[in-house]
Amino acid sequence: MTARKQATTKRFTVDFEHLDETLDAINEVMQQVAGHHKLRKTEIERWRWDQPSISLTWPCDDFIQRKILASLDIGSGVPADLYRLNVTVDAWKDDTLVVDDGIRVPVRYWNHERIQEKAFTTAGDFPVNYVEKAIQQAYQTVSSWKIDDLERRVAL
């Protein structure tokens with residue numbers, strides 16, 4: 001029997017081995033989506049900082065960068081709600097905006113949307129079929145966005 005890496009919070013014990021298994025399952029779905037849709041120059045990132053998550057980022061011919069993020073919130077809620085899977089999408093395009101007197105300002109056009117949120121009791125009870133549907137829905141949403149859908153703007 002192998003010892004499991006665990007951390008204890010005030011309410012429950014976090015099982016990092018099961019979290020890694022859950023991230024493995026999410027990673028596999030992300031790889032399948034990238035392959036099925038023939039995405040080029042993809043980047044998959046795992047465990048951003050201390051947040052258990054998997055993100056799939058890719059550029060498109062329209063120069064818009066797109067990302068699907070599946071993250072796990074740990075201990076967010078009541079005891080029957082120990083883990084929460086969040087699937088979100090982002091898209092952005094960096095450009096130059098000409099303002100008064102011909103001054104050129106670098107600007108990022110972007111959008112963000114929460115696609116799904118699902119709670120589950122333990123990392124071992126992770127709903128793989130749920131994440132497959134959520135990530136497919138996320139892909140359909142973010143891949144349909146055009147430049148006019150990037151409603152937010154921020155100077156860089």
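Values reported hereafter were calculated over all heavy atoms of this structure, with side chains retained and with hydrogens, waters and symmetry mates removed.
- Here the rule is side chain to side chain contact (heavy atoms under 4.5 Å, CB included) with Ile54, and of Ile44, Leu69, Val131 only Ile44 fits it.
- Residues Val154 and Trp92 fail the side-chain proximity criterion, which asks for heavy atoms closer than 4.5 Å.
- A heavy-atom distance below 4.5 Å is not found between the side chains of Thr57 and Glu45.
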For this session: For Arg40 and Asp61, run salt bridge (Lys or Arg N to Asp or Glu O under 4.0 Å): C-alpha distance rounded to whole Å, both residues' side-chain angles, the deciding distance at 0.1 Å, then the answer.
Result: CA-CA 10 Å; Arg40 295 171 292 148; Asp61 294 339; 2.9 Å; yes
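- Residues Lys67 and Thr88 have side chains not in contact (no heavy-atom distance under 4.5 Å, counting atoms from C-beta outward).
- In this structure, the side chains of Asp149 and Lys146 come closer than 4.5 Å at one or more pairs of heavy atoms.
- Interatomic distance, NE2 of His37 versus CD of Gln32, reported as 10.5 Å (0.5 Å rounding).
- Counting only heavy atoms from C-beta outward, the side chains of Ile26 and Leu85 approach each other to under 4.5 Å.
- When all heavy atoms of Ile64 and Trp145 are compared, the pair lying nearest together is CD1-O, 4.2 Å.
- Annotation: the span from Gln51 atom CD to Asp73 atom CG amounts to 5.5 Å, rounded to 0.5 Å.
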For this session: For side chain to side chain contact (heavy atoms under 4.5 Å, CB included), just list the numbers for Leu72 and Leu23, CA-CA rounded to whole Å, side-chain angles, deciding distance to a tenth of an Å, and then say yes or no.
Result: CA-CA 9 Å; Leu72 297 170; Leu23 291 176; 4.1 Å; yes
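- Summarising the geometry, atom CG belonging to Leu97 is positioned 5.5 Å from atom CZ belonging to Arg153; distances are rounded to the nearest 0.5 Å.
- Atom CD of residue Glu28 and atom CD1 of residue Ile135 lie 11.0 Å apart, to the nearest 0.5 angstrom.
- The heavy-atom pair separating Gly102 from Val98 by the smallest distance is CA-CG1, 3.8 Å.
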Problem set entry | Derivation of the side chain to side chain contact (heavy atoms under 4.5 Å, CB included) call for Tyr139 and Ile115 | CA-CA 10 Å; Tyr139 174 80; Ile115 300 298; over 6 Å; no
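- The side-chain contact (heavy atoms from CB on, under 4.5 Å) search around Pro106 returns Leu156, not counting sequence neighbours.
- Between Lys41 and Pro59, the shortest heavy-atom distance links the atoms O-CD, 3.4 Å.
- Arg46 has a carboxylate O that lies under 4.0 Å from a charged side-chain N of Asp24, or vice versa, which qualifies the two as a salt bridge.
- The side-chain heavy atoms of Asp62 and Ile147, taken from C-beta on, include no pair separated by under 4.5 Å.
- A distance of 10.0 Å separates OG in Ser55 from CG in Asn27, rounded to the nearest 0.5 Å.
- Residues Ala91 and Arg66 approach most closely at CB-CG, 4.2 Å, considering heavy atoms.
- Within the structure, side chain to side chain donor-acceptor pair (under 3.5 Å) contacts touching residues 100-117 (residues at least two apart or in different chains) are Arg84-Glu117, Asn86-Arg114, Asp90-His112, Asp94-Arg108, Arg114-Glu117, Gln116-Tyr130, Gln116-Gln137.
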